[in-house]
Protein chains: 2
Amino acid sequence: MKMYLDCYPCVVRHALEASRMVTDDELIHLNVLKSVFKILGELPSDSSPQEITTIVHRKIKKLVGNYDPYKNIKKKYNEISLSMYNDLKRKIIESEDSLLAAIKLAIAGNIIDYGASNRQFNLNQVICDTLKSDLAINNYREFKEELGSASRLLYIGDNAGEIVFDKLLVEEIKKETKANIDFIVRGKPILNDATIEDAQMVGLDKIVKVIPDGNDSPAFIFSKASKKVRALFMSSDLIIAKGQGNYESLSESEKNIYFLLRLKCRIIANDIGGKVGDNVLKRF
Amino acid sequence: MKMYLDCYPCVVRHALEASRMVTDDELIHLNVLKSVFKILGELPSDSSPQEITTIVHRKIKKLVGNYDPYKNIKKKYNEISLSMYNDLKRKIIESEDSLLAAIKLAIAGNIIDYGASNRQFNLNQVICDTLKSDLAINNYREFKEELGSASRLLYIGDNAGEIVFDKLLVEEIKKETKANIDFIVRGKPILNDATIEDAQMVGLDKIVKVIPDGNDSPAFIFSKASKKVRALFMSSDLIIAKGQGNYESLSESEKNIYFLLRLKCRIIANDIGGKVGDNVLKRF
């Protein structure tokens, strides 16, 4: 429960952030906050961060009259990341171990997360540092082995912008495995999370099958996913899950999951056994 | 109003922080948060950050059954700061301009603020950096001149721990002025703000008259101060106000006020025309 309580201040911050993305009208911002306080005051005590965020942002979208408040910021980060694609591709090709380099880049791309933090970040610096340093938690050897024998691989994405980095990793993974690969995106807009539109914008749908999860939560929640996606999840023998949200919702799953993420929040860092800023490829 | 909306996430964070200082019972933490959400959802739109914090923390104190949740942390920082007193005094004596050095130290001490941030800080490093660097906003020349001619000086304190640094500055000020000096502390415990107990613990009451403001807000709010303190405030011809809270509540006052503070929050930094981390001695 400790974990959930620490999420409340962030939920309030995101509510303000989301409403400011849509309008400059401070009366609307205030009304959003007041409604959010009302929701938070009445939520069941055992609500997960994802459930809270989903409910809160459904309300925000209604109040601000915009179904996709992060639309512009998602487009902007898709464009920025696409403009880096050729350069990133070259870094991967020129590296000693191209799969490992692509994994590191996919983790570096996880910094593009306006959901987790409104702090400034220097993407080029993060990329450079991540490529140079070792993963803090590193199950790469096992991951590479499993790629060789997997028959159904599910890749659960996280944010817009970051999805370009995921595309680069998918391209490398395809060289290492004969497994069928499906890529899961969120079913509807939520925060800056990638949806089918983002996958199409960055051309991910040209190299792999992209499937919306049928839900509007900032994480993959099995019980809320569509029947088709639940079946895909169950039949996969290797799952890659990107980012903190998916870690929170899937870390207790019994499936064979490799979590790829950058630790951005103290609560999750403690849970996974790392520290904020760590880059992680962890098998559960 | 923009300013107040940005304060809401911090108010929620402080509520959690304050309740955790008193008890490990997570059910109480949750109840505190739920009550805070209820209060925030019902507050008038034009409430100031200080008003919000005051109301919220009155409720928290009641819910956790503790009138002074920050008591231990205040004691701890008084002790840490007292243990540094001799060393700080030597730095002042050995400096080229001892008044300026004492002012810089008093600003450095403003980092001891569990109300404004739960981030870690290295007090020795902050002291060292502050002494070495220039003030970002610097009305020192005017301040020193006014000290020479002032007849009634009011020093409005901020936090526990920091009050040791204020004591060192008061000692230097006394060498530069014949003015009568009164030192104002909060009337009742609120966050980590200094009260009469802290002033007594660090011996400030031995060198200057210390007067509680008669209120339980984390800032000096003229309209809420006792009649005696209001009269003192009005009759002073030179006022020193420490920290962000006092800046927020007094920056529109027409009195002759010098604000001494370290900018710890983006909203206030923008308002004063500086940036987070700046050390400021500003006359209004």
Side-chain angles (χ1 to χ4, degrees), chain A residues 1-49 52-53 55-56 59-60 63-64 115-120 265-267 269 275-277, chain B residues 1-49 52-53 55-56 59-60 63-64 115-120 265-267 269 275-277:
Chain A
M1 191 201 285
K2 203 173 259 173
M3 180 169 163
Y4 303 160
L5 295 183
D6 280 288
C7 297
Y8 282 110
C10 283
V11 169
V12 176
R13 190 167 46 77
H14 289 165
L16 188 54
E17 179 186 280
S19 54
R20 282 183 177 159
M21 283 191 188
V22 177
T23 172
D24 290 331
D25 186 338
E26 296 188 331
L27 202 60
I28 294 180
H29 303 162
L30 181 70
N31 285 338
V32 164
L33 282 183
K34 296 236 165 191
S35 300
V36 168
F37 293 137
K38 194 162 180 297
I39 292 170
L40 295 178
E42 290 166 2
L43 273 179
S45 314
D46 59 349
S47 309
S48 76
I52 295 172
T53 304
I55 292 166
V56 161
K59 182 72 178 180
I60 293 171
L63 283 170
V64 301
S117 162
N118 59 3
R119 289 179 201 145
Q120 296 292 314
C265 152
R266 193 175 50 83
I267 312 301
K275 57 183 197 305
V276 171
Chain B
M1 190 201 285
K2 201 173 261 172
M3 181 168 164
Y4 303 160
L5 295 183
D6 279 288
C7 297
Y8 282 109
C10 283
V11 168
V12 175
R13 189 165 48 76
H14 291 164
L16 188 55
E17 178 186 281
S19 54
R20 282 184 177 157
M21 284 192 185
V22 176
T23 173
D24 291 332
D25 186 337
E26 295 188 333
L27 202 60
I28 294 180
H29 303 163
L30 181 69
N31 285 336
V32 165
L33 281 184
K34 296 237 166 191
S35 300
V36 168
F37 292 136
K38 195 162 180 297
I39 292 170
L40 295 178
E42 290 166 2
L43 273 179
S45 313
D46 58 348
S47 310
S48 76
I52 295 172
T53 304
I55 293 167
V56 161
K59 182 72 178 182
I60 293 171
L63 284 169
V64 301
S117 164
N118 58 3
R119 290 180 200 145
Q120 297 292 314
C265 152
R266 191 175 50 83
I267 313 299
K275 57 185 197 303
V276 171

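Below, all heavy atoms of this structure are taken into account, side chains as well, without hydrogens, waters or symmetry copies. Protein chains get the first letters and strands the later ones, always in sequence-line order, with residue 1 at the start of each.
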Worksheet entry | Least distance between heavy atoms, A:His29 atom then B:Leu5 atom | CB-CD1, 3.5 Å
Worksheet item: So which part of A:Ile39 gets closer than 4.5 Å to some heavy atom of chain B, the side chain, the backbone, both or neither?
Response: neither
Discussion item. Does any backbone or side-chain atom of A:Leu33 lie under 4.5 Å from a heavy atom of chain B? Answer side chain, backbone, both or neither.
Written reply: side chain
Worksheet entry | Largest heavy-atom contact set with chain A, pairs under 4.5 Å, which of B:Val36, B:Val12, B:Leu40 | B:Leu40
Item to complete: Of all the heavy-atom pairs spanning B:Glu42 and A:Lys34, show the shortest one and how long it is.
Response: C-NZ, 3.9 Å
Discussion item. Would you call the rings of B:Phe37 and A:Phe37 parallel, tilted or perpendicular, taking 30° and 60° as the class edges?
Written reply: parallel
